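Reviewing the structure listed below.
For the single chain, residues carry numbers from 1 onward in sequence order. Everything numeric in this text was worked out from a predicted model, so none of it was measured.
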Amino acid sequence: MLGLHVLNAGKGESVVLELPGHRWGVVDCYAPTPDDPETNPTTRFLSERGVGELEFLCLTHPHDDHYRGMSDLIRRFPPKQFWRSAAMTPPHLYGYCLDALGSCGDARYAQQSATDYWKLLDHVRTLRASGLEERPVCGPMPLYPPQVSITPSAAPAEVSIWAVGPPPGQVGLYQDGLARCFDAQGRVRFDRSQPNPNNVSVALLVIYGETRILLGGDLEQEGWSEVLTNLRDPAEELPSHVVKVSHHGSSNGYCDGLWTILAGRGKPVSVITPYWKSKLPSREGLEEIRRHSRRVFTTCGPAIREEAQTFAFWQGFPRDVDFFIRNQFGAFRQRGSWPSGIVSLQFDSHGRCVAENCTGAAAVMYDDHAPPPEAPAGHEA
C-alpha cells in the first residue's frame, strides 16, 4: 500500500508519503516555532509512527510556510536524499528571505524563518559528508529511485517519483530576478521587484503501479503552462487519482486545461491546504477544483469557516455547495491560530483508494456521490 498524509493548520503544509516496506518521505514542512518539535506537526507525526530516517526530504520552494521547522526535522529524521528547487541559490537566499519576510511586519518571525532556512542548509552540508545525496530539481526528471519511467510498465508494483516542475524557463527567470535583488557588494536592494518563488516550486508525480499522485507544491499558472509544453504527452502522463492542490487552492494555481488533463481518466480525489491569511482557497479556484474532482478534502475546515462567516465570500457557488459549507463548517468559531488537520489516504497499486481518514480539523468538503445537504433551518430554497 501507498499512504499519502497531508498536514496543515490554516498556514503552510507538509506532505508525508508512506512507501511500501515502512519507508517514508516528506515534502515540505511548517511549524509555528521552528526549533520546538512539539509545535511541528510533521515531527510529531513521524515520531508517533516510530520513523527513524527518511528516504527523501523535499523543499519545494523558499517560502517560509513550506520550510519553517525543516532544520529540526532533518536533524531528527536524516534523509538519504534532499531535493530542492534548482532555482534556489543558497548564498543569496538567506538575505533575500530575511528581507522579504521582514515585510510581514513581524521582525522576530522573519528572523526566525530566515535563520531556520540557513540552519537547514548547514545541516544539508553536514549530512553530505556522510552520504546524503542533494539533488537540485528541474523538471521533467526522475528522482526516486535514480532510474524511473514515467510510463506504466509490467514490472512489479514499486514506487517511483518524477519531478514535473519547476520548468527550466521559470528557473532561469527566477534566478535573473533574484540576482537583481542584490547590489555589487551583495547587499539586498530595497527598490526592487521581488521574484515569485511559487513560479519555481517543485511539483512531483508519484507512481505506484497504476496509481498516480500529483503533488503540486505552490506552482502557479506560468509554471504549469510550461510544464504542459515540456512533457512529451501530458494527456497520457499527468492524469492522476489524487491531487494535492497547488498554491492552497488559489485561482492562479493552475493553467487553462490543466484540470481537464488531470481528470482525463476519471475525476481525482483532491486535497486542499487552506491559507487563511491570503483567503485561500479562492472561490474561483475551488469551483474549478470541484468541477473536476469526485471528492475534495480540506485539511483545515476552520480556516475556510473564517472566510465563510458572512457567506458573501462564497456567493455564486451552486446551492448544494453553499449549503454544505454552511452545515459543515458552521460550528467553527475559532480565530487566530487554527487546529491542525491531517488528510490520510491509502492506495493500492491499481488506483483504488482503500482507506481514508480525516484527523483534527480535516474534513470532506465535497463529494459528488453524496446527496445535496439539506438547507439550514430558516433558509429559503
Side-chain angles (χ1 to χ4, degrees), residues 6 8-13 63 65 196 198-199 201 214 216-225 240 242-263 267-336 338 341 343 358 361-376 379-381:
V6 185
N8 165 263
K11 180 178 181 179
E13 66 182 44
H63 268 153
D65 64 315
N196 182 4
N198 290 343
N199 290 334
S201 175
L214 184 67
D218 270 5
L219 197 62
E220 291 190 5
Q221 181 177 353
E222 298 88 347
W224 281 118
S225 295
S240 301
V242 59
V243 177
K244 197 295 293 178
V245 172
S246 299
H247 198 209
H248 313 285
S250 73
S251 59
N252 64 355
Y254 53 90
C255 64
D256 289 343
L258 176 64
W259 274 99
T260 301
I261 291 173
L262 297 181
K267 291 183 176 181
V269 171
S270 298
V271 183
I272 298 174
T273 56
Y275 193 162
W276 65 270
K277 189 174 181 180
S278 297
K279 300 182 180 179
L280 297 176
S282 69
R283 186 183 68 183
E284 180 183 347
L286 184 56
E287 179 61 16
E288 178 77 0
I289 295 162
R290 185 197 67 82
R291 282 204 311 269
H292 294 93
S293 304
R294 64 181 179 87
R295 285 195 111 187
V296 180
F297 289 86
T298 174
T299 52
C300 191
I304 293 177
R305 171 60 190 165
E306 177 75 5
E307 291 306 321
Q309 286 205 14
T310 65
F311 304 112
F313 184 72
W314 301 96
Q315 286 177 1
F317 267 85
R319 183 172 296 169
D320 61 332
V321 178
D322 180 68
F323 288 168
F324 181 81
I325 292 170
R326 293 168 186 251
N327 289 338
Q328 183 71 21
F329 300 127
F332 289 115
R333 298 287 181 180
Q334 181 170 344
R335 294 176 177 272
W338 307 113
V343 174
C358 292
V364 178
M365 191 171 185
Y366 172 76
D367 186 343
D368 67 359
H369 295 302
E374 297 180 0
H379 184 87
E380 294 185 3

Q) Taking only residues two or more places apart in sequence, or in another chain, which ones meet S225 in a side-chain hydrogen bond (donor to acceptor under 3.5 Å, both in side chains)? A) none

Q | Spacing of S270 atom OG and R290 atom CZ [to the nearest 0.5 Å] | A | 12.0 Å

Q. What are the two closest heavy atoms between S282 and S250, and how far apart are they?
A. OG-C, 3.8 Å

Q) What's the shortest heavy-atom distance between A362 and C358, and which atoms? A) O-CB, 3.6 Å

Q: Can you sort out the partners of E222 under salt bridge (charged side-chain N to carboxylate O under 4.0 Å, His left out), two or more places apart, ordered by chain and number?
A: none

Q.
Are H292 and E288 packed together at the side-chain level, in the sense that at least one heavy-atom pair is separated by less than 4.5 angstrom?
A. yes

Q: Check D218, V343, T298, N8 against T273 for a side chain to side chain contact (heavy atoms under 4.5 Å, CB included) and give me the one that passes.
A: N8

Q. Can you tell me how far CG of D65 sits from NE2 of H248, rounded to the nearest 0.5 angstrom?
A. 4.5 Å

Q: Kindly write out the residues that satisfy salt bridge (charged side-chain N to carboxylate O under 4.0 Å, His left out) with R295, not counting sequence neighbours, or none if the list is empty.
A: E356, D367

Q: Identify the heavy atoms of Y366 and S293 that sit nearest to each other, and give their distance.
A: CE2-O, 3.8 Å

Q: Enter the distance from Q221:CD to H247:NE2 here, rounded to the nearest 0.5 Å.
A: 12.5 Å

Q.
Tell me which pairs pass salt bridge (charged side-chain N to carboxylate O under 4.0 Å, His left out) where either residue lies in residues 245-261, with sequence neighbours left out.
A. none

Q) Which value, rounded to the nearest 0.5 Å, describes the distance between E13 atom CD and C300 atom SG? A) 13.0 Å

Q | Under the side chain to side chain contact (heavy atoms under 4.5 Å, CB included) test, residues paired with S278 that sit two or more places apart | A | Y275, L280

Q. To the nearest 0.5 Å, how far apart are NE2 in H63 and OG in S201?
A. 10.0 Å

Q: Starting at CG of L214, measure out to CG of L262 and round the result to the nearest 0.5 Å.
A: 6.0 Å

(Q) For S246, give me all partners under side chain to side chain contact (heavy atoms under 4.5 Å, CB included), at least two apart in sequence or on another chain. (A) W224

